[in-house]
Amino acid sequence: MFPHSRSVRAWTVTGVLLLFVFVNFADKAALGLVAEPLTRELGLSNSEFGLLSSAFYFLFSASSIAVGLFGTRLRAGWLLAGCAVLWSLAQLPFVFSAGLAVLLLARVVLGAAEGPGVPLAMATAFSWFPATRRTLPSGLLLTGTGLGVMVASPALTWVAGHYGWRSVFTVLAAAGAVWLALWMAFGGVGPYATAPAPRTGPGATRADLRAMLRSRTWWACVVGMFAMAWGTAVMTSWLPLFMIRALGYSSTQMGLANSAFWAVFTVGCLGVGVLADRLLRRGAGPRQARLVPGAIVLLLSAVAMAVLPVMGGGPPALLVILVLLPWYGLFMPLAQAAIADIAPDAQRTRALLIGTGLGQLSALAGPYVVGVLLDAAPDATTGYRHALWLSAALLVAGAVGVLALGHPERERWRAHTPPAADNSPNNNSTQGVVA
């Protein structure tokens, strides 16, 4: 059990990190929410809007991998603060510029700044909790992804309707600045953190990377996140337009339905965290508690994507969108906790950053591919049907890969870097070090 003061501190920091993920996903969702007025004002085709959406992911994975390889010697607190500063700055071109090239560059910068964000937040949260209690804070942080879109959908849609779509990005820039102030006041890393990675020779670093790349469970998580990230990128960019153009919703109805979609996702993140931790405490293995449920949630969303295009509009389609479609995103907290299980403490952050970076590579192509399919189709309904069926196939493949490769109870690779001098729960340091 935690001492009361430490428990309060742990959940306070986790709450601030939840807000970090909240702003992260509000940033990511904003473009889809203003897609209709933005494409109309700038005269963009579906492919051009898809390219603008995909631009967010051009350096998203690369930046996460780069921080995993080279940034683990820096303090996590400053890395998180730097991400927030860049987020706010990257919104400004949308406020002041109308050129597609400038907006593309701004989205690239935003994606590069947000790439390491969630795994860094996860690693920092994990530094406050022992291994058997990490799935719940992991799930709680991932509720920020749902809350970011759930709150942003009606709120930013209202802002765009009353003050113009550019004002949405002013609000987001201010939100990043507010979060930075909160982090500087209340942020920190907990007693289960490790010190920044020591400056070992290149041979030891290569050995650590080889051990990670030989881990079948690590690859299972990467494969599942690859499928999940495609779904997240496509749904974040195109679900609002799908509801308007294929299902006939108004902008207000779309905002409310999109908010409800992410509300279901948010509740699911909390539920899957509680369920996994309870299964572990009752003696279930990590595969049964984390990876098998992870494969199931991917398959549930695959079913939704397979049937949705043939249902037409109306209440049945809305029910599928709200009840079945959001489940794919629940794979992320399960995968992050599974990686933290098998990685040595000194390699935890690197494993999370590189694994998440590779898993997010699919998001680079997803929105653009959907745009191309829509432009090539004879009508919007056909284009969305092809896009959703392709997404369903990727989710099925991801679930199969998770079940085939993931056996965390059989492996834990050895760290070749020396451990921190004091990694015990009695170390009360809260300086911004990487977990």
Side-chain angles (χ1 to χ4, degrees), residues 19 22-46 48-53 55-56 87-88 90-100 102-104 106-107 110 114 144-179 232-266 313-315 317-318 321-322 325-326 367 370-371 374 380 384:
L19 293 176
F22 175 95
V23 177
N24 181 303
F25 266 74
D27 287 348
K28 190 180 295 185
L31 194 66
L33 295 172
V34 301
E36 189 70 21
L38 183 148
T39 54
R40 185 172 60 249
E41 180 177 321
L42 301 184
L44 301 182
S45 68
N46 287 316
E48 288 171 328
F49 176 74
L51 179 62
L52 185 60
S53 298
F56 177 90
W87 296 356
S88 293
Q91 307 297 343
L92 299 181
F94 283 85
V95 179
F96 300 111
S97 174
L100 178 59
V102 175
L103 299 185
L104 282 169
R107 291 293 288 182
L110 180 63
E114 294 198 356
T145 65
L147 287 170
V149 185
M150 182 177 70
V151 176
S153 289
L156 296 182
T157 300
W158 182 87
V159 169
H162 286 76
Y163 302 102
W165 64 267
R166 293 183 187 278
S167 60
V168 166
F169 298 95
T170 304
V171 172
L172 293 174
V178 169
W179 181 86
T232 299
V234 168
M235 290 299 104
T236 302
S237 299
W238 288 105
L239 182 60
L241 281 177
F242 171 73
M243 289 190 285
I244 291 173
R245 295 178 179 176
L247 300 183
Y249 290 6
S250 68
S251 293
T252 301
Q253 290 170 329
M254 175 277 294
L256 292 174
N258 200 44
S259 180
F261 170 92
W262 290 100
V264 173
F265 170 85
T266 300
L318 181 61
I321 289 173
L322 298 183
L325 191 56
V370 171
L374 287 170
Y384 281 116

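In what follows, every heavy atom counts, from backbone to side chain, and hydrogens, waters and symmetry copies are set aside.
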Full working for side-chain contact (heavy atoms from CB on, under 4.5 Å) between Trp179 and Trp87: CA-CA 11 Å; Trp179 181 86; Trp87 296 356; 5.8 Å; no

Test log, rule salt bridge (Lys or Arg N to Asp or Glu O under 4.0 Å), inputs Arg166 and Glu41: CA-CA 11 Å; Arg166 293 183 187 278; Glu41 180 177 321; 3.3 Å; yes

Evaluation steps, side-chain contact (heavy atoms from CB on, under 4.5 Å), between Leu241 and Tyr384: CA-CA 10 Å; Leu241 281 177; Tyr384 281 116; 3.6 Å; yes

side-chain contact (heavy atoms from CB on, under 4.5 Å) between Thr232 and Phe25, intermediate numbers included: CA-CA 10 Å; Thr232 299; Phe25 266 74; 4.0 Å; yes

Check against side-chain contact (heavy atoms from CB on, under 4.5 Å), Trp238 and Asn46: CA-CA 10 Å; Trp238 288 105; Asn46 287 316; 4.1 Å; yes

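Taken from CG in Leu239 to CE in Met254, the straight-line distance is 9.0 Å, to the nearest 0.5 Å. In this structure, Phe94 CZ and Leu172 CG are separated by 10.5 Å, a value rounded to the nearest 0.5 Å. Between the CG atom of Leu318 and the CE atom of Met243 there is a distance of 8.5 Å, given to the nearest 0.5 Å. A distance of 14.0 Å separates CZ in Phe56 from CG in Leu104, rounded to the nearest 0.5 Å.
Nearest heavy atoms, Ile244 versus Ser250: CG1-O, 4.4 Å. Minimum interatomic distance between Leu103 and Leu42 (heavy atoms only, all atoms of both residues): CD1-CD1, 3.7 Å. Taking each heavy atom of Val159 and Val168 in turn, the nearest pair found is CG1-N, 4.1 Å. Gly248 and Gln253 make their closest contact through O-OE1, 4.4 Å (heavy atoms, listed as atom of the first residue, atom of the second, distance). Counting all heavy atoms, side chain and backbone alike, Ala26 lies closest to Leu156 at O-CD1, 4.5 Å. In this structure, Trp158 and Tyr163 approach most closely via the heavy-atom pair CZ3-CE1, 3.8 Å.
Judged as a salt bridge (Lys or Arg N to Asp or Glu O under 4.0 Å), the pairs with a partner in residues 243-266 (not counting sequence neighbours) are, in order, Glu36-Arg245.
Not counting sequence neighbours, the partners of Ser53 by the side-chain contact (heavy atoms from CB on, under 4.5 Å) test are Leu31, Phe49, Ser237, Pro367. The side-chain contact (heavy atoms from CB on, under 4.5 Å) search around Ala260 returns Leu322, not counting sequence neighbours.
In this structure a side-chain-to-backbone donor-acceptor pair under 3.5 Å is missing from Gln91 to Ser88.
Considering only heavy atoms from C-beta on, Phe242 stays 4.5 Å or farther from Met235 through its side chain.
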